[in-house]
Participant: 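Let me give you the structure first, and then I'll get to my questions.
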Amino acid sequence: MVAAYRGRASAREYPLCADPWALGLAGEEGLAIARAYDEVFPHMELWIAVRTAFLDGCVRRFAREAEPRQVVLLGAGFDARAARLSHPGLRFFEVDQPSSQGEKLRRLAGLGGYPRESAAYVTCDFEREDFLERLEASGAYTHTPTLFVWEGVTAYLTEGAVRGTLRRIAEGTHPESVVAFDHLRKKIVAGNVRDPRDLASRSFVADLGEPLRFGVDDPLPLLYEAGFRRVRTHTFDELALDSTGTYARERAFRFQGLALASRAASDLG
Ligand SMILES: C[S@@+](CC[C@H](N)C(=O)[O-])C[C@H]1O[C@@H](n2cnc3c(N)ncnc32)[C@H](O)[C@@H]1O
C-alpha cells in the first residue's frame, strides 16, 4: 500500500517525490488496497509523498558528508531508496523481517533493470533479535557514521522494541550516527478519538493485519532516555506546508510526527 501511494505520488504532474520502482513493487494488489484506503483517509498519498521527500532529503544531505558513510533502512519494506539514491562511497543496508524481505526480493526479480546489488539485505525481527548483531554478522557493516531511516515502522512495534532499537542506535553505533523516524501520537493508537473517520482509519490498518501498537506525543524524552543528545522534531503539517505551501485542517495530519536524533552529529538538517 505504501509503495502504491509512493508510486502514485511520483506519477503526478508536479511530484513531491520520485520513485520509478514503486508502482512495479506495489503491483495491482497494492494499488487496490490504496484505492480502498482512499475512501477512509483521502490524504494518505500526500502524507507518504511528504514523508518520502523529507527522508530522501536526509539521505542526500548525509551522503554529501565525508566518507565512508552508510544508510540502514530499518523495516525497509518496498522502499527503493538504495536504488534511487545511490551515491559513491555510500553503502545501503536493508533490514526487515524475513517474510517482507523475501517478498520484496521476489518482486524485484520481476522488475527488469532494478539494481538489486545496491543494498545488502539483512533479516531481523525487531521484537526478538538484535538488528546491530544481524548487521555486523552480514560482514559489510562497519563502525562508521550511519543514517538509520526507520520509516513507517514504529507504530507497528511494541514500546519495548521501539525503546530497545533506539537505545542500540544511541549506544552501539558511531556517535555521529543519526536516526530518522516517523511516529503516531498516542490518541490514534489507543483509539481515543471521537471522529468516526479517525476510528475507521485505525481499523482499516488493523484489518490489514498490522494493528497500531506504539504511539508517542513528544518523542524527545524517549530519545533522551535512549541516550541521544541532539533531537529535532517536526509535525506533518509543518512538513506539508514546506513542500506544498498549503495547510488544510481536514487532512488530519495532527496524529503524525517525525523525529531526527543523534548522540553527537553536528548537523541534523
Ligand atoms: C508500513 S511498512 C513500511 C515499509 C517502508 N519502510 C516504507 O516506508 O515503504 C512497515 C515495515 O515494517 C516492517 N516490520 C514490522 N514489524 C517488524 C518487526 N517486528 N521486525 C522487523 N520489521 C518489521 C515490515 O516488515 C514492513 O516492511
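Both ligands and their constituent atoms are indexed starting at 1 by order of listing. Note: hydrogens, waters and symmetry copies are ignored here, and every other heavy atom, side chains too, is used. We count residues from 1, following the sequence as given.
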Participant: Not counting sequence neighbours, which residues clear side chain to side chain donor-acceptor pair (under 3.5 Å) with Thr142? List them please.
Facilitator: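 Result, side chain to side chain donor-acceptor pair (under 3.5 Å) vs Thr142: Gln70, Thr144.
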Participant: Tell me whether the centres of the aromatic rings in His183 and Phe214 are closer together than 6.0 Å.
Facilitator: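 Ring centroids of His183 and Phe214 are no less than 6.0 Å from each other.
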Participant: So Leu85 and Asp56, do their side chains get closer than 4.5 Å, heavy atoms only?
Facilitator: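 Yes, at least one pair of side-chain atoms sits under 4.5 Å.
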Participant: For ligand 1, what N or O to protein N or O distances fall under 3.5 Å?
Facilitator:
residue: ligand 1; atom: 6 (N); partner: Gly75; partner atom: O; Å: 2.8
residue: ligand 1; atom: 6 (N); partner: Glu151; partner atom: O; Å: 2.7
residue: ligand 1; atom: 8 (O); partner: Arg6; partner atom: NH2; Å: 3.1
residue: ligand 1; atom: 8 (O); partner: Arg51; partner atom: NH2; Å: 3.2
residue: ligand 1; atom: 8 (O); partner: Glu151; partner atom: O; Å: 3.4
residue: ligand 1; atom: 8 (O); partner: Glu151; partner atom: OE1; Å: 3.4
residue: ligand 1; atom: 9 (O); partner: Arg6; partner atom: NH1; Å: 3.2
residue: ligand 1; atom: 9 (O); partner: Arg6; partner atom: NH2; Å: 2.8
residue: ligand 1; atom: 19 (N); partner: Asp125; partner atom: OD1; Å: 2.9
residue: ligand 1; atom: 20 (N); partner: Phe126; partner atom: N; Å: 2.9
residue: ligand 1; atom: 22 (N); partner: Asp96; partner atom: OD1; Å: 3.4
residue: ligand 1; atom: 25 (O); partner: Asp96; partner atom: OD1; Å: 2.6
residue: ligand 1; atom: 25 (O); partner: Gln97; partner atom: NE2; Å: 3.0
residue: ligand 1; atom: 25 (O); partner: Ser100; partner atom: OG; Å: 2.5
residue: ligand 1; atom: 27 (O); partner: Gly77; partner atom: N; Å: 3.2
residue: ligand 1; atom: 27 (O); partner: Asp96; partner atom: OD1; Å: 3.3
residue: ligand 1; atom: 27 (O); partner: Asp96; partner atom: OD2; Å: 2.8

Participant: Val179 pairs by side chain to side chain contact (heavy atoms under 4.5 Å, CB included) with which of Val149, Ile169, Val72?
Facilitator: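 Answer after filtering Val149, Ile169, Val72: Ile169.
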Participant: Do Cys17 and Tyr5 make a side-chain contact, defined as non-hydrogen atoms from C-beta onward lying under 4.5 Å apart?
Facilitator: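 The answer is no, as the side chains (C-beta and beyond) never meet within the 4.5 Å cut-off.
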Participant: Ion pair present between Asp237 and Arg254, side-chain N to carboxylate O less than 4.0 angstrom?
Facilitator: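 No, this pair does not count.
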